[in-house]
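None of these values were measured; they are calculated from a predicted model. Just follow the structure's listing: the first ligand is 1, and inside any ligand the first atom is 1. Residues take their numbers from the sequence shown, with the count starting at 1.
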Amino acid sequence: MYGLPRRSRTLLMGLVLLIIGSTMYLKSDNWTAPPIQTYFPPSGIILDPSSLKFRAQAIREAYSHSWGGYMQYAFPTDELLPMSKRGGNSMSGWGASVIDGIGTAVLMELPEIVEEQLNFIAKIDYTKCEHQISMFETTIRYLGGMLSAYDLLSGPYAGMLQARKGEKNYELVQSLLKQSISLADALKWSFNTTSGIPMPFFKLHEKRIKSEDINIIAGFGTLVLEWTRLSDLTGDPQYANLAQRAQEYLLKVENPDVGEPFPGMLGTHVRLNDGKFVDSYGGWGALGDSYYEYLIKMYVYDPKRFRRYMRRWIESAESTMKYLASSPASRPDLIFVAEYSNSKSIGLHGSHLACFIGGNYLLGGQVLNEMRYNIFGLKLVEGCHATYAGSASGIGPERFGWDSSLVPTNQKEFYDKNGWYYGGEIDYRLRPEVIEGYYHAWVATRDNKYREWAWDAFVAINRTCRTEHGFTSISDVSREDGGRKDDKQESFWFAEVLKYLFLIFNEGGIQAREQIGFIPGKKQKWVFNTEAHPMRLYST
Ligand SMILES: *[C@@H]1O[C@H](CO)[C@@H](O)[C@H](O)[C@H]1NC(C)=O
Ligand SMILES: *[C@@H]1O[C@H](CO)[C@@H](O)[C@H](O)[C@H]1NC(C)=O
Ligand SMILES: CC(=O)N[C@H]1CO[C@H](CO)[C@@H](O)[C@@H]1O
């Protein structure tokens with residue numbers, strides 16, 4: 001995204017000498033304004049070009065391996081079930097892995113695979129679906145995946161695929177935009193509730209509006225980037241208008257006494273009939289997460305139109321540092337972000353999903369030139385790294401806790417050493433958030449330490465999740481071997497994990513020239529949607 005301005009980076013390096021070894025800035029358990037001296041010393045780790053090349057190639061190989069398994073046993077279903085060697089349809093059955101996977105194949109410059117994927121996408125019939133549709137998942141995976149591939153292949157990658165006007169793949173790339181319109185047209189009636197907040201789930205052939213239902217804030221607060229991009233590309237404002245109108249209920253809460261327990265930090269469920277919140281619990285984890293993420297990303301996408309979104313993000317970011325930041329008693333050097341039941345009741349537990357926050361703060365910190373956010377973001381990335389570093393498998397769990405009064409007796413020693421304990425779900429579902437954090441940390445600091453962390457994660461995943469025909473979720477990260485191999489290769493493995501890893505190690509190619517990823521001192525031209533699909537910024 002954006003690099004730290006050169007001057008502040010030099011300043012930071014200079015101030016390293018002043019580093020205080022303690023965590024004085026943590027009053028009690030909470031995060032207060034940190035002095036800049038608390039920044040981290042650069043690790044000084046050097047990676048030579050050949051090892052970077054080797055690593056990028058290993059990630060590419062992982063993609064080919066996963067794609068091969070999918071094509072052999074699961075195409076054209078949504079995802080490969082690599083243990084039972086068949087396909088599953090958990091994402092409406094339009095072939096989610098193809099659409100989620102195409103952008104990464106483009107960045108990896110694998111033209112044969114991309115052509116195969118495009119040929120398939122051009123023929124999807126989005127007007128028909130036997131399965132239940134999730135508005136959120138369909139938007140971030142399908143709409144986001146197609147719009148991003150369109151941006152990439154009609155722009156910097158047009159040459160790679162012979163997709164310029166008059167060339168053989170021109171029409172194929174144009175069909176990405178046509179298919180995006182077709183999909184949005186098939187979904188848009190779901191916004192027709194009393195409030196204008198779309199239904200979370202529906203069936204296409206029923207077309208039944210149920211305004212008595214509820215949606216979650218991530219469910220309708222994570223549509224605005226994709227639907228706005230579609231309007232900007234087509235010149236037809238209806239899509240942007242629908243998504244932005246729904247978003248208004250989150251920018252200004254109708255019943256803040258319930259829906260906004262901390263300034264900018266919201267409850268979870270909202271009624272479709274009047275847009276009011278029905279509960280006060282929430283946080284940056286599941287059900288809320290990407291709503292907060294998109295507030296700053298919309299500002300990156302177009303600072304002119306989305307200044308209010310940025311202000312709203314600042315409210316959330318400030319409240320989080322003030323009320324939710326928390327350090328384990330056994331490891332005061334770590335910081336995690338708590339969840340809440342309401343403004344009075346905070347739970348010291350977190351999730352793999354919420355580990356994207358560090359990266360989101362780093363993006364905000366760089367865009368807004370606010371060093372506090374950069375520092376806080378790096379601390380959060382470090383905290384999530386501790387969940388990987390402490391696990392025997394080398395991969396962090398789905399959920400964890402750090403409340404010293406709730407440590408399970410058999411984990412006392414573990415908690416004292418690592419600062420967290422396994423809290424419930426201990427599986428790994430090929431999720432990207434921790435690696436996404438490493439990506440942003442590397443972008444912001446250029447410190448190879450974060451690349452080493454990313455490589456450690458990849459080696460651990462490759463060791464525990466790899467199967468004969470692809471990669472799979474695993475049942476128990478607390479065991480060195482990762483436990484049982486659960487039978488699912490999620491489509492976001494292609495879209496997110498492999499993409500962030502590749503971007504961390506790949507230094508050359510079109511991707512670097514086009515600044516998808518990071519070029520020191522240059523402004524970015526792209527922003528990632530929450531499924532890691534890069535979208536071209538409005539002004540570029
Ligand atoms: C929305 O619902 C109203 C009635 O409640 C109906 O008249 C209108 O045609 C619907 N619009 C769409 C796009 O389905
Ligand atoms: C990934 O796993 C495969 C199969 O076990 C192995 O051949 C390869 O060397 C591994 N790659 C890395 C980088 O560990
Ligand atoms: C999230 C968290 O750790 N909050 C704590 C902030 O500090 C006060 C006062 O020490 C505690 O009561 C909170 O639990």
Side-chain angles (χ1 to χ4, degrees), residues 43 45-74 79-85 97 101 104-105 107-110 113 352 385 387-396 427-439 441-442 447-509 511 517 532:
S43 66
I45 294 171
I46 295 170
L47 287 170
D48 63 66
S50 69
S51 76
L52 284 173
K53 250 202 189 107
F54 172 82
R55 292 178 182 190
Q57 192 49 40
I59 312 299
R60 242 198 221 100
E61 189 277 331
Y63 186 102
S64 303
H65 181 64
S66 311
W67 182 252
Y70 169 76
M71 285 307 284
Q72 188 174 351
Y73 294 108
E79 67 271 313
L80 170 69
L81 311 180
M83 304 312 289
S84 45
K85 298 192 188 134
S97 287
T104 305
L107 295 176
M108 289 179 169
E109 297 183 52
L110 304 168
I113 293 182
H352 196 290
H385 173 251
T387 70
Y388 272 49
S391 267
S393 62
I395 303 170
D427 56 325
Y428 173 64
R429 307 177 190 175
L430 299 177
R431 288 200 194 283
E433 293 78 16
V434 174
I435 291 169
E436 178 182 350
Y438 298 162
Y439 169 77
W442 175 73
D447 190 331
N448 281 327
K449 174 171 83 174
Y450 302 107
R451 284 172 143 171
E452 294 294 71
W453 290 359
W455 183 246
D456 292 345
F458 174 69
V459 170
I461 293 168
N462 188 57
R463 187 174 55 75
T464 54
C465 304
R466 192 175 174 117
T467 74
E468 200 186 341
H469 300 287
F471 285 75
T472 185
S473 46
I474 50 174
S475 69
D476 185 354
V477 297
S478 75
R479 293 171 46 136
E480 200 187 340
D481 66 1
R484 189 183 63 241
K485 287 190 162 57
D486 289 339
D487 196 14
K488 197 168 186 189
Q489 178 175 281
E490 284 273 6
S491 73
F492 53 64
W493 164 250
F494 288 112
E496 303 192 70
V497 182
L498 293 173
K499 186 180 291 117
Y500 283 123
L501 281 169
F502 185 70
L503 291 175
I504 287 171
F505 297 113
N506 187 51
E507 287 203 314
Q511 165 233 319

Visitor: Return the orientation label for the Tyr63 and Phe494 ring planes: parallel under 30°, perpendicular over 60°, tilted otherwise.
Guide: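 The rings of Tyr63 and Phe494 stand perpendicular, inter-plane angle above 60°.
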Visitor: Would Asp447 and Lys449 count as a salt bridge (charged side-chain N to carboxylate O under 4.0 Å, His left out) if you check the C-alpha gap in whole Å, the side-chain angles of each, and the deciding distance to 0.1 Å?
Guide: CA-CA 5 Å; Asp447 190 331; Lys449 174 171 83 174; 5.2 Å; no
Visitor: Name the orientation class of the two ring planes belonging to His385 and Trp453 (parallel below 30°, tilted from 30 to 60°, perpendicular beyond 60°).
Guide: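 Correct class here is parallel.
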Visitor: Between atom SG of Cys465 and atom NZ of Lys488, what is the distance when rounded to the nearest 0.5 Å?
Guide: 14.5 Å
Visitor: Using the test side-chain hydrogen bond (donor to acceptor under 3.5 Å, both in side chains), find all partners of Glu61 that sit at least two apart in sequence or belong to another chain.
Guide: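 So Glu61 forms a side-chain hydrogen bond (donor to acceptor under 3.5 Å, both in side chains) with Arg466.
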Visitor: So Ile59 and Trp455, do their side chains get closer than 4.5 Å, heavy atoms only?
Guide: yes
Visitor: Could you name the protein residues that come within less than 4.0 Å of ligand 2, counting only heavy atoms, and order them by chain and residue number?
Guide: Trp455, Phe458, Asn462, Arg466
